[in-house]
Amino acid sequence: MKVLEVLLNRRWILKSRERELYYQVKEALASGEEKKFLREKLGYQVLINPYMIKVEKLPAVPENWMGISDFRDPIEWE
């Protein structure tokens, strides 16, 4: 199983829905290599708790083009 590919292609892995995959990924992350790669090279944080595994895919440095510039009225922000 390619742990990095699974983590990057999914929003999260829920233990309640995919129990076997949850434990496979959790065991693979225990070695720390994939976790270290995600943190150091991509700037992503891996969250592991008793219910899910998730990679926080937030940009390390936000750029101007990443925002929404088409809002004109305050009501559009809600």
Side-chain angles (χ1 to χ4, degrees):
M1 173 177 57
K2 298 179 181 180
V3 175
L4 289 175
E5 187 176 334
V6 170
L7 290 171
L8 293 173
N9 285 325
R10 293 170 170 255
R11 180 170 286 185
W12 51 62
I13 300 168
L14 297 175
K15 182 179 174 183
S16 62
R17 291 188 183 172
E18 299 173 289
R19 189 175 199 84
E20 186 176 323
L21 180 61
Y22 171 87
Y23 282 113
Q24 288 175 349
V25 171
K26 185 175 178 180
E27 185 178 315
L29 290 173
S31 69
E33 291 179 31
E34 287 88 358
K35 223 174 171 179
K36 183 179 176 183
F37 174 80
L38 289 166
R39 184 180 63 248
E40 292 180 0
K41 302 295 182 188
L42 302 178
Y44 294 163
Q45 182 180 1
V46 180
L47 305 173
I48 303 172
N49 64 42
Y51 308 105
M52 70 174 186
I53 299 173
K54 179 181 180 183
V55 176
E56 288 286 323
K57 301 172 195 162
L58 302 174
V61 179
E63 301 289 337
N64 288 336
W65 58 267
M66 293 179 180
I68 301 172
S69 60
D70 293 339
F71 291 136
R72 292 180 191 87
D73 297 320
I75 193 72
E76 293 176 343
W77 287 88
E78 295 178 4

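All values below were derived from every heavy atom in this structure, side-chain atoms included, with hydrogens, water molecules and symmetry-related copies excluded.
- Distance check: L14 CG to Y51 OH gives 12.5 Å after rounding to the nearest 0.5 Å.
- By the side chain to side chain contact (heavy atoms under 4.5 Å, CB included) test, F37 pairs with L4, K41, L42, sequence neighbours left out.
- The salt bridge (charged side-chain N to carboxylate O under 4.0 Å, His left out) search around E56 returns K54, not counting sequence neighbours.
- Within the structure, side-chain hydrogen bond (donor to acceptor under 3.5 Å, both in side chains) contacts touching residues 3-16 (residues at least two apart or in different chains) are R10-E18, K15-Y23.
- By the criterion of side-chain heavy atoms lying less than 4.5 angstrom apart, applied directly or through intervening Ile, Leu, Val, Met, Phe, Trp or Tyr residues, V55 is not grouped with M52; the two fall into different hydrophobic clusters.
- Shown here are the side chain to side chain donor-acceptor pair (under 3.5 Å) partners of E40, two or more places apart in sequence or in another chain: there are none.
- The salt bridge (charged side-chain N to carboxylate O under 4.0 Å, His left out) check on K35 picks up nothing, with sequence neighbours excluded.
- Taken from CG in N49 to NZ in K26, the straight-line distance is 9.0 Å, to the nearest 0.5 Å.
- To the nearest 0.5 Å, atoms CG (L29) and CD1 (I53) are separated by 6.0 Å.
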